[in-house]
Structures are given as C-alpha cells and as structure tokens.
There are 2 protein chains.
Amino acid sequence: MSTIPTATISRLVTYLRILTSLENQGIKNTSSEQLAEEAQVSAFQVRKDLAYFGRFGTRGAGYTVPTLRRELRRILGLNRPWNVAIIGMGRLGQAISDYPHFEQYDFSLKACFDNNAKVIGQTMSGHQVYGMDALPQVVKEKGIDIGFLTVPQAAAQAAADALVAAGIKGILNFAPVVINVPREVHVEPVDFLAGLKRVSFYIINPGLKEELA
Amino acid sequence: MSTIPTATISRLVTYLRILTSLENQGIKNTSSEQLAEEAQVSAFQVRKDLAYFGRFGTRGAGYTVPTLRRELRRILGLNRPWNVAIIGMGRLGQAISDYPHFEQYDFSLKACFDNNAKVIGQTMSGHQVYGMDALPQVVKEKGIDIGFLTVPQAAAQAAADALVAAGIKGILNFAPVVINVPREVHVEPVDFLAGLKRVSFYIINPGLKEELA
DNA sequence: GCAAAGGTGTGAAATTTTCCACAATTCATT
DNA sequence: AATGAATTGTGGAAAATTTCACACCTTTGC
Ligand SMILES: NC(=O)c1ccc[n+]([C@@H]2O[C@H](COP(=O)([O-])OP(=O)(O)OC[C@H]3O[C@@H](n4cnc5c(N)ncnc54)[C@H](O)[C@@H]3O)[C@@H](O)[C@H]2O)c1
Ligand SMILES: NC(=O)c1ccc[n+]([C@@H]2O[C@H](COP(=O)([O-])OP(=O)(O)OC[C@H]3O[C@@H](n4cnc5c(N)ncnc54)[C@H](O)[C@@H]3O)[C@@H](O)[C@H]2O)c1
C-alpha cells in the first residue's frame, strides 16, 4: 500500500463512471472483463488496480455493481461533500459555473472570485462574484476545499499563491502553465492546449501509438 | 527510439512552453537545470526526454533557447498548419470557439458542427454552424485534421464515429467518457471532472503524494 | 595555455508499473 | 454431492520508465 500508481487513480475514476452507467441501466453484476473492455484496459489491470485497496469481488462470481460503485466512491473520497470555488470569472470560469453536473457527486460551487472591478459584486449563474481580497475570509467561512484556477496564464501563479495562503487543499489548474505549490496541496492540470499539441505529435508519429488488444 | 514514453511527450510540451516564455523575456541560453526547475522535474529527466530525439545542446554550455524551441516545435509537429473543427456548439464549444490562443501555433478553427436545428446555419464567433450531415464533405473540403468533441457524454461515441468516418486523424475528447476509435486515430481526453475526482482522492490521501526535490 | 567550473549525452542500475499464470473460490447443473 | 465452468486475487516475471554516475566537451579565469 506504500505507493499507488497515479494511472491507477485515473482508471478508478473511469471504472466508477462505468459502474454508474451500468447501475443506471439496471445491471446488477459485472466482471473485470466487462470493466476492462469499457475502460479499454486489460482485465489484469482492473483487478490489480482494485487490489491496491482491498477485495471487492467474489471469486467465480465477479462484482456486484452497487457494492463496487459504493467502494470506489469511498476510495476516491466522493462520498462526502466538497466545496469548490472558481478563481477567474472570464469565459471559461463562467462556462464552468453554469455546468450542472457538479452536484452529481457531492461537489458544490460555493463562491466565485475575480480581480476585475467590473465583475466584482455582480451575480453570475446565481453566484455573487467576490474580489480577491475576500478570498481568505470566504474560503474559511464557507469551508472551501478546492479551487478552479481559470485566470490567464500570466496570473496563474499569483492566484495559486493566494489560494494556498487561504488554506485551500486542491487546485484544478486550467491555465497552460506549471504552477508551484507546497507539497501538501494537490494540483491537477486540465490543459487542453497541451492535449492539442500531443495530438499533433501522435498524428505525425503514427508508429508510436500504444498497442491495445 | 522504438518507443517513447507518453509522459515524455507531455513534458516536451511543457519544455516548449517554458522556452517560449524565456524567448519572450529575451533570454538566449538555458540549461537542463533551469528547464527542470520550471517544469518541476529532474534535470536528468529533461536530458533523457530530449535524448529520445537527438542532441540539441552543447556540452559545457547548455542549450540555445531559439534553437531548442524550434527543434521542439518540429518534433511536436507544431511547425505546420493544423485545421480543427468543433463538434457540439453548446456552452463549452462556444467558449472554445471564442478562445484566441489557437493561432499562437498554427491551429486554425475551420468549422463548427451541431445536430440541433436551432443552431445549424447560425454564425457563432464568426463561424457558420454546420449540421452533422455536412461533416464528411466539410472535413474533406477544408482539410480538417483534428476534432474537438464537446457534445454531451451520451452523444460522444456516435459523434466520434462520425468524425472517424469522415477521416479525421485526432480527437480532443472533452466528454467524460472513454471513446472507442480505430488504432490510427489518436484521442486525447481533456476531462475536468476526472481531474476533480483525482483531487478528491489526493486530498483524503495526503501520504500518497509524489516526492519532489 | 592550463586548470577549474559548468553542463550535456548516455549506458546501466534502480524503481515503478504492467502483465501474466495460476491457486482459490463460487455458481450452475445434474 | 460431485463436476465443470467461470472469475477473482496475487506473487512474481517482464517491461517500461526514471534515476544516476560519469565520460566528455566548452567556457572562463588566470
Ligand atoms: N476560453 C477557453 O476556451 C479556455 C479553454 C481552456 C483553457 N483556458 C484557459 O483558462 C484560463 C482563462 O481563460 P478565459 O478564456 O476564461 O480567459 P478570460 O480572459 O476570459 O478570463 C480570465 C478572467 O480572470 C480574471 N483575472 C485576471 N487576473 C486575475 C487575478 N490575478 N486574480 C483573479 N482573477 C483574475 C479576469 O478578470 C477574467 O475575468 C486561461 O489560462 C486559458 O488559457 C481557456
Ligand atoms: N460546460 C462546461 O463547463 C464543461 C466543462 C468540461 C467538460 N464539459 C463536457 O463537454 C461536453 C459539452 O458540455 P456543454 O456544457 O457544452 O453541453 P451543452 O449541452 O451546452 O452543449 C452540447 C452541444 O452538443 C450538441 N449535440 C448534442 N448531441 C449531438 C450530436 N450527436 N452531434 C452533434 N452535436 C450534438 C447539442 O446540440 C449542444 O449544442 C459534455 O460532455 C460535458 O460533460 C463541459
């Protein structure tokens, strides 16, 4: 249990999504084989990924969809409420604040921040926009855990510093830049420009595509 | 040279971004040490990543910023024009079509598609919206290489199939689902909900954070 | 022109991650 | 109750990736 591959965590998220879809279809049982096929990995991989956290199936029988789903939610910490805030209410920040699927799990958008006087105080998608100076207090009062960083690249590090100082625990970084934070804060990049460039590379290097059964 | 780690490609994108920033600051020379620090990896890693593709530095002296930048652009295929299309002109599709930084490299948005009669024929951010039935012809006529998939999860596989049938070479998949495409088409997921769930996991498991010098 | 300092490129070791074979267990059928 | 088919959990092999040490080159200072 000392160390778990990052890729395993990404795959657990995928398995959970598949289980949710199976549950919505009323399917009660599944197998590593079925999960593997839908997640496009090997069945060995599915079982190994789960084995990092315990035993969730029955030999010979497979997995029970609701049970495994509940376990994965617990493992990923999705069985508890998370309060999030958006920093940077430009185009992307607004699009995200409008996005309904948040509450699917227990994420709730609790506050929006910007440093532009023109938007501070306005209401966007039902949320009042705070100035950056209110960040420490609002984060504390509303118990905000996670920040969505949707400011321009040039402002990203400063805004991240402010989030860290306010005591935030995790950051979803949409800005195309590597930000520097203390060890105890977890940053997940969500970088579509980087993805676009990787697509470019793999198109001109078709030989380097990973194999798949 | 037979196989290059996926992570290496992601890091090359980061190095390129750093080099661009250094060039904008008028800095002419750099080192694996400096790139490593800004990219938050080890200097060994930087040199090994570059070594997959050739020798770009001078021993004892380091790297010349414009030279290495040019080489990385070439390696990543960013020294040529790419034509892209957006499939799904909802909130996210519109936000992206508005985004100016595309043309920074040679990506140009050539067409937008949707299957909703209410938006087909409209102009959004200066682009006419086509129906999905026009996809094969438009992709061919405009030489579209890459598709941004911004349709709802439930429509993602069908839309991806249509893109593949039209002869697209790469897909940036913004929908929170694993899509199935033939080997020769490269898909990059851009999945902020997955990122959010990973943040959740790492917040409740602070011991599992990767080390860094 | 020599020595010292700085810094790349790379083969090999170490580590991490994936792959696999198979023992163990369950379920269905007779 | 016994047999056969199905499917998990896991130790260890294999493969992939990262880390490292160091030979080798360049520049600077004296
Ligand atoms: N628009 C897109 O489609 C898109 C897609 C992916 C990623 N991104 C990235 O997301 C980020 C935001 O993009 P955008 O298009 O929404 O930009 P935008 O310019 O529309 O919005 C940025 C917002 O951040 C605010 N801001 C600037 N500095 C700030 C600071 N120091 N503190 C707080 N707020 C600050 C601005 O007032 C503005 O409201 C950029 O880094 C961009 O690269 C954008
Ligand atoms: N809105 C966000 O902030 C956000 C952020 C990240 C990811 N996403 C993901 O991006 C996708 C789109 O999100 P959105 O919020 O823009 O949704 P949306 O409902 O606003 O837009 C979806 C668009 O796709 C079109 N569409 C539906 N089926 C189609 C089909 N078969 N072919 C072509 N077009 C079709 C619809 O007409 C609509 O215009 C979703 O998968 C969502 O999960 C959204």
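Within every chain, numbering begins at 1; the chains are lettered A, B, ... in the order of the sequence lines, protein sequences first and strands thereafter.
- Put simply, the side chain of B:Asn173 gets close to the backbone of B:Val177: a donor and an acceptor are under 3.5 Å apart.
- Residues B:Arg59 and A:Glu33 each lie close to DNA chain D; by heavy-atom proximity, the contact nearer the 5' end of the strand is made by A:Glu33.
- Here the side chains of B:Val190 and B:Phe148 are not in contact, with every heavy-atom distance at 4.5 Å or above.
- Distance, B:Ile4 CD1 to D:dT18 P: 12 Å, rounded to whole Å.
- Note that the CZ atom of A:Arg47 and the OG atom of A:Ser32 stand 4.0 Å from one another [nearest 0.5 Å].
- Set against D:dT17, D:dT10, C:dT10, the side chain of A:Arg55 has D:dT10 as its closest nucleotide.
- Residues B:Val199 and A:Trp82 fail the side-chain proximity criterion, which asks for heavy atoms closer than 4.5 Å.
- Each of C:dG7, C:dT18, D:dT18 was ranked by its minimum atom distance to the side chain of B:Thr8; first place goes to D:dT18.
- Computed from coordinates, the A:Asp49 CG to D:dG9 C1' distance equals 13 Å when rounded to whole Å.
- Straight-line distance from the CZ atom of A:Phe56 to the C1' atom of D:dT10: 14 Å, rounded to whole Å.
- As judged by a 4.0 angstrom heavy-atom cut-off over every strand, A:Ala43 is placed among residues making no nucleic acid contact.
- The nearest whole Å value for the distance from the CD atom in B:Gln45 to the C1' atom in C:dT16 is 13 Å.
- Between A:Tyr63 and the phosphate of D:dG9, there is a side-chain N or O to OP1/OP2 separation shorter than 4.0 Å.
- Side-chain to base pairing of A:Arg47 with D:dG9: one donor and one acceptor N or O lie within less than 3.5 Å of each other.
- Close to D:dT7, at under 4.0 Å from its OP1 or OP2, lies no side-chain N or O of A:Ser31.
- Rounded to whole Å, atom C1' of C:dA13 lies 13 Å from atom CZ of B:Phe44.
- The nearest whole Å value for the distance from the CG atom in B:Leu35 to the P atom in C:dG9 is 12 Å.
- When each of A:Thr58 and A:Ser42 is assigned the nucleotide of DNA chain C bearing its nearest heavy atom, the one mapping closer to the 5' terminus is A:Ser42.
- Between the CD1 atom of A:Ile9 and the C1' atom of C:dT17 there is a distance of 13 Å, rounded to whole Å.
- Closest to the side chain of A:Tyr52, from the set C:dT18, D:dT17, C:dC19, is C:dT18.
- Atom P of nucleotide D:dA6 and atom CD of A:Gln34 are separated by 16 Å, given to the nearest angstrom.
- In the set C:dA12, D:dT26, C:dC19, the nucleotide with an atom closest to the side chain of B:Lys48 is C:dA12.
- Salt bridge A:Arg91/B:Asp98: absent, no basic N to carboxylate O contact under 4.0 Å.
- Side-chain atoms of B:Ser32 lie closest to C:dT8 of the nucleotides D:dT19, C:dC19, C:dT8.
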